[in-house]
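For ligands, and for the atoms within them, numbers begin at 1 and follow the listed sequence.
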Amino acid sequence: MFQSLKKKVKEFIGKTEEIAEREIKLSKATKIKGILRKGIKLSEKDLEGILYDLQLDLIQNDVAVETTEAILQELKEKLLGREIERENLDRFIKNSLRETLLDVLTPEEEVDILSIIQKSEKPFKIVFFGVNGTGKTTTIAKVAKYLMDNNLSIVLAAGDTFRAGAIEQIEKHSESLGVKLIKHQKGADAAAVIYDAIKHAKAHRIDVVLADTAGRMQTNVNLMDEMKKICRVNKPDIKIFVGDSLTGNDAVDQAERFNKEIGIDAIILTKMDADAKGGSALSIANITKRPILFIGTGQGYEDLKRFDRNWFVEQILES
Ligand code: GDP
Ligand code: GDP
C-alpha cells in the first residue's frame, strides 16, 4: 500500500539532507570561527525547490490540488528559517510531515460506529451512497458481517432498484451472510424499499438497517433527487459515502457532490489494498471534512479495517 507516495516522501527527506550537507560544507569553507552554526537552516530558496518537487509528487499521487496546497503551506511554516541540528534533521522533517499529514486528515475524533449504534434508538438506519463499481454492495456486506460479529442483528434493503443486477447482487450477499433482504421489483421506488426494510426491522426488533442505493453518475439530477427522497422519507441515522480509492480525484469529486446534495456523515474508502498512491484518502478527508470510518482491504467479508489516521500516516513515513 502507498508504495509510490512513500517513495516520494523518502526522496523529499533525502533532498533536505543534501541541502544540509551542502550548508555544512559551506560553513566549513568559510572557516570563520564562531560563525560555525550548531544547526542548519533551510532558506526560502532551499525550500522552494524541494517543495516544488513535492508538490508535483503529491499531485501525481492523487492528492487534490487544494489538499496539496494545504500540505505545502503547513510544511513551509514548520520548516522555513528553523535552525535544525544536523543529527536531528531526519527526525525533524519526519515529525513535520507527520503533523502536517495528520492535520490534513481531519477531523480528529475517531468515530466508533458500534458505540454510536449502542447509544441510539433501534432500528439504527444506515444508508450507503456512491457510484457503481466502487465496491458499495461488497462494502455493505462487509459492514453487515462486522456488525453481526459484534452481536447486532441486521436487515438489508435492496435500494438500488435501477438495475436488476444490483438486486441480484445484494441478494447473493444476503444469502451468504444469512441475513434477511427486503427487495421490490426493478424500477420500484427506492425510498419505499428502504421504508419497508425499516418497518420489517421494527416488527422483528432488528438492530440495524443497511440500505443500498442506486449509483449512476453522481452528476445525474434524477439520481440526486432520488437520493434526497430516500433521506426525506427514511431519515437515516448515518449517511455513508463509499468511494473507490483507486479512482483518485474522481472519488473526491463524487464525495463532494454527494455531500453538497444530501450531506454525508462518514466515508468508506474501498480497494486500499491495491492503492499504491494513497492520495485520495488525504484529499477526501481534507476536502469533505468528514471522517473515514473504514477502509476496504480486499474482496473478502473480513477485509474491512477501521481507519486509523496514525496508522495511515506511519505507512507513508516508514522507510
Ligand atoms: P458496486 O457496483 O459499487 O456495488 O461494486 P461491487 O460491490 O460489486 O464491487 C466491485 C468489485 O470490487 C468487486 O469485484 C469487489 O470484489 C471488488 N472490491 C470491493 N471492495 C474491494 C476492496 O476493498 N479491495 C479489492 N481489492 N476489491 C474490492
Ligand atoms: P438515464 O439516461 O439512464 O440517466 O435515465 P434518466 O435519468 O433520464 O431517467 C429516466 C427515468 O428513469 C426517470 O424519469 C426516473 O423515473 C427513472 N430513473 C432514473 N434514474 C433512476 C434511479 O436511479 N432509480 C430509479 N428507481 N429510477 C430511476
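Atom 14 (O) of ligand 1 has Q299 NE2, 3.3 Å as its closest protein atom, hydrogens excluded (heavy atom only). Summary of contacts: the protein heavy atom closest to atom 2 (O) of ligand 1 is G133 N, 2.7 Å. Nearest to atom 28 (C) of ligand 1 among the protein's heavy atoms is K271 CG, 3.7 Å. At the top of the distance list for atom 4 (O) of ligand 1, counting protein heavy atoms only, stands T137 OG1, 2.5 Å. The protein atom (non-hydrogen) at minimum distance from atom 26 (N) of ligand 1 is D273 OD2, 2.8 Å. Nearest protein heavy-atom contact of atom 8 (O) of ligand 1 is Q169 NE2, 2.4 Å.
Residues I316 and I59 are members of separate hydrophobic clusters, defined by side-chain heavy-atom contacts under 4.5 angstrom among Ile, Leu, Val, Met, Phe, Trp and Tyr. W311 and I284 fall within the same hydrophobic cluster, where Ile, Leu, Val, Met, Phe, Trp and Tyr residues are linked whenever their side-chain heavy atoms come under 4.5 Å apart, directly or through other members. Under the 4.5 Å side-chain heavy-atom criterion for grouping Ile, Leu, Val, Met, Phe, Trp and Tyr, L317 is connected to L72 within one hydrophobic cluster.
At least one N or O atom of K136, backbone or side chain, sits closer than 3.5 Å to an N or O atom of ligand 1. Between T270 and ligand 1, not a single N/O pair is under 3.5 Å apart.
Looking at I50 and F12, their side chains come closer than 4.5 Å, going by heavy atoms from C-beta outward. Side-chain contact between F124 and I238: present, with at least one pair of heavy atoms (C-beta onward) separated by less than 4.5 Å.
A salt bridge links K145 with D149: the closest approach of a Lys/Arg side-chain nitrogen to an acidic carboxylate oxygen falls below 4.0 angstrom. Between E44 and K76 a salt bridge is recorded (basic side-chain N to carboxylate O distance below 4.0 Å).
The atoms of ligand 1 that sit less than 4.0 Å from any heavy atom of T297 are 23 (O). Near N132, meaning under 4.0 Å from one of its heavy atoms, ligand 1 places the atoms 2 (O), 3 (O). Near G296, with a cut-off below 4.0 Å to any heavy atom, the atoms of ligand 1 are 23 (O). Per-residue contacts place T134 under 4.0 angstrom from the following atoms of ligand 1 (heavy atoms of the residue considered): 3 (O). The T138 neighbourhood of ligand 1 comprises atoms 6 (P), 7 (O), 9 (O), 15 (C), 19 (C), with distances under 4.0 Å to a heavy atom of that residue.
Using a 4.0 Å cutoff on heavy atoms, K142 counts as a contact of ligand 1. Heavy-atom distances between D303 and ligand 1 stay at or above 4.0 Å for every pair.
Below 30°, between 30° and 60°, or above 60°: for F258 and F129 the angle between ring planes is between 30° and 60°, a tilted geometry.
Between Y301 and Y146, the distance from one ring center to the other does not fall under 6.0 angstrom.
In terms of heavy-atom proximity, D265 sits nearest to P291 at O-CD, 3.4 Å.
Of the candidates G298, A274, G135, G298 brings a heavy atom nearest to atom 22 (C) of ligand 1.
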